[in-house]
Amino acid sequence: MAAWWRRRAGRGSASGRSRAAELDELVRAAYEEGRPIPEELAAEAAVAGDVRAMTVYGIGLGNRGAVKEAEEWLRRARAAGDPMAALALGTLFMDRGEFDAAERYFRPVAETGHVGARQALVELRALRAAAARDAPPPSRPAERTERAEPAGSPNPSTVSRPPGEGPSGDEASPSAPPADPPVEWAARQLLLHPDDNGHPHVLLAMAVLQAHEGEVARARAYFAAALASGDPEVLFWVSRIHVAQDGLHGAREHIRRAADAGHTASRHTMGVLLTEEGDTAGAERYYRLAAADGHTDSYVNLGVLLRVRGDLDGAETYYRKAVEAGDAGGMNNLGNLLRQRGDLAGAERWWREAAAAGDTDALVSCGAVLAERGDWAGAEPLWRRAAEAGHAGARLNLVQALVRTGRMEEAERWLRSVDLDAAATAAAASASTAPPSAPDAGPPDADPPDGPDLAAVADWLSGPARAGDADARAALDLLNGASDGR
C-alpha cells in the first residue's frame, strides 16, 4: 500500500477525458489495484468526499508517519462503511500493540467473510500469544477455516448456507503472510538443517537471504533449485508469494501444484476455491484428501458439502470428527443436523457446547430453543451477546424480545443498527441466498431520540417481514398491538 503514492511527473488530459474522470480512475486504481497515486491528488479526492480516496489518503499518511491525520481520514471512511478503512485502522492499533482496539475493527469485517480481515485476526492472535509468552510468534500461521452453516434463525428454523458463504470462525486464509519476517524464517531453516545444503527448505531460505541482500541473480538460482525439488512445503511457500502478488484466485495453479504434491493446507484451499467455482466434485476430492490428513476445517467443509447434497450420514461423520478436534463450527453444524433429524435434545446439547466456545450462530439457536419454551428472559442475554458481536439475526431476535416487554426505545436503537438488506437476506437464507453482510459490531446509538418512534420501527420491520422472516412478522404484530394500546 505504500506504493500508492508517488511524486508527480506532470499531468495532462488522458484520451480527452475530463479531469474529474481522470481523478476518479486514479483513485479507483489506487484503491482496487494498489497503483501509485500522487499524494496531493489523493488528498483532493478525499476532501471532495470520495470514500475510497479517504482510505487511500489515510493509508498513505500512515505509511509516512502522519498517524494522527491518517486516523482521522480512516475513521471518516470507516464511518461511511468502507471495510478497507476498518482494516487499516485495526492495523494501526495492532502495530501499536493495542490488540483489543485492533480486534474491534477487524472482527466485524471478518464476520462478513472478508479474507484479509480473517488473516488479520490470525496475525493478531499470534501477536497476542507472543506477547503473553515473551517469545517470537510462530513461523507458520493457522490455516483458514472455510465457511460453515449457521445455526437456526430466531424460529429456530435451520438455515443452511452453501459451503462458500458465511464465516465459521476467525481463522485466516492460507494466504496469510508468515508471522515471522521472511529473513527470520530463513535463518531458522538454516539452523534446522545445518549440514544439508541441498535440502529444499535450505535452498528456499538461501533464496530469501540472497534477495534480502540484493543478490537477485543468486536468489533466482536458489529459488529455481528449491522449486525444482517439488517439495510440498516449498510449493506451498511459492504459492503464498503468488497469493501476495496476484490474490488467492490469481495464485490458483500454484496452490493446485502444492495440493497435488501433498500439502494438506493447500488441498483444503483448493477445495475452497473449487467450491466457490461450483465444482463440488473437485472440491470434495480435495476436501477428502485434506480430511484424510486430519485437517479439521476440511472435516467441517466436507460435512457442509455432504449435507447440502442430502447425505446426512456422511455429513454427521465429518461433523463429529470436527467435534472430536474441538471445533466450535463443527459443534454448531452437528446441532443443525441433529435438529434436521428431529433430535432437538441432541441439537441443543451441541449448540450449547458451541455457544460456550463463542460461536454466535449457536448463541442464536440456544436462545431460540429457550424462546420456543417461553423462556424469553433466558433467551435475551444469549441474543444480546451475539447481537453485540454483530450477528444480524440476533439483533432482530433481541428486538423481538425487547418489544415483548415494552422496551420500545432500546428496541428502536437496536433496529437502527441493523442493515435492512442484511436482515432481508438472512430471512431468505433458507432459499440458499447469499449470507448477510454483518454490520459493525457494537452497542446501539448512545443518544436515542426522545421517545420511541414506533412508526419508524414498524417501517424497519416491514422489509424483513415481507421477505418471509417469521420473527420480524411476529415483532411487527406485537409492535402494532403496542401502538393500538397507546
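This structure is a prediction, so every number in the text was calculated from the model and none was measured.
- Considering only heavy atoms from C-beta on, R307 comes within 4.5 Å of N336 through its side chain.
- Under 3.5 Å, the side chains of Y287 and D297 contain no donor-acceptor pair of N or O atoms.
- Across all non-hydrogen atoms, the minimal contact from A85 to T55 is CB-OG1, 3.5 Å.
- With contacts defined as side-chain heavy-atom distances shorter than 4.5 Å, the pair V304/T275 does not qualify.
- In terms of heavy atoms, A259 sits closest to Y286 at CB-CE2, 3.7 Å.
- Side-chain N or O atoms of T405 include one that pairs as donor or acceptor with a backbone N or O of A401 at under 3.5 Å.
- Legend: residues meeting side-chain contact (heavy atoms from CB on, under 4.5 Å) with D95, ordered by chain and number and at least two apart, are T91.
- By the 4.5 Å heavy-atom criterion applied to side chains, E98 and M94 are not counted as neighbours.
- Looking only at side-chain heavy atoms (C-beta outward), R320 and W350 come within less than 4.5 Å of each other.
- Summarising the geometry of F236 relative to S239, their closest heavy-atom pair is O-OG, 2.5 Å, with the distance given to 0.1 Å.
- Side-chain contact check for W376 versus L370: every heavy-atom pair is 4.5 Å or farther apart.
- By the 4.0 Å N-to-carboxylate-O rule, R257 lies too far from E253 to be salt-bridged with it.
- Smallest separation of non-hydrogen atoms from Y299 and A322: CD1-N, 3.7 Å.
- Counting heavy atoms from C-beta on, the side chains of R285 and L274 never come closer than 4.5 Å.
- Salt-bridge annotation for R341 and D313: present, with a side-chain N of the basic residue lying under 4.0 Å from a carboxylate O of the acidic one.
- Residues H249 and E276 have side chains that bring a donor and an acceptor to within less than 3.5 angstrom of each other.
- Across every non-hydrogen atom of A387 and A394, the tightest pair is N-CB, 3.6 Å.
- Using modelled atom types and a 3.5 Å distance limit, the side chains of Y31 and D82 yield a donor-acceptor pair.
- V272 has its side chain within reach of H268: a pair of non-hydrogen atoms, C-beta onward, lies under 4.5 Å apart.
- Within a 6.0 Å sphere centred on CZ of R385, heavy atoms belonging to other residues, nucleotides or ligands number 12 at most.
- You'll find the side chain of E316 reaches within 4.5 Å of the side chain of L338, heavy atoms only.
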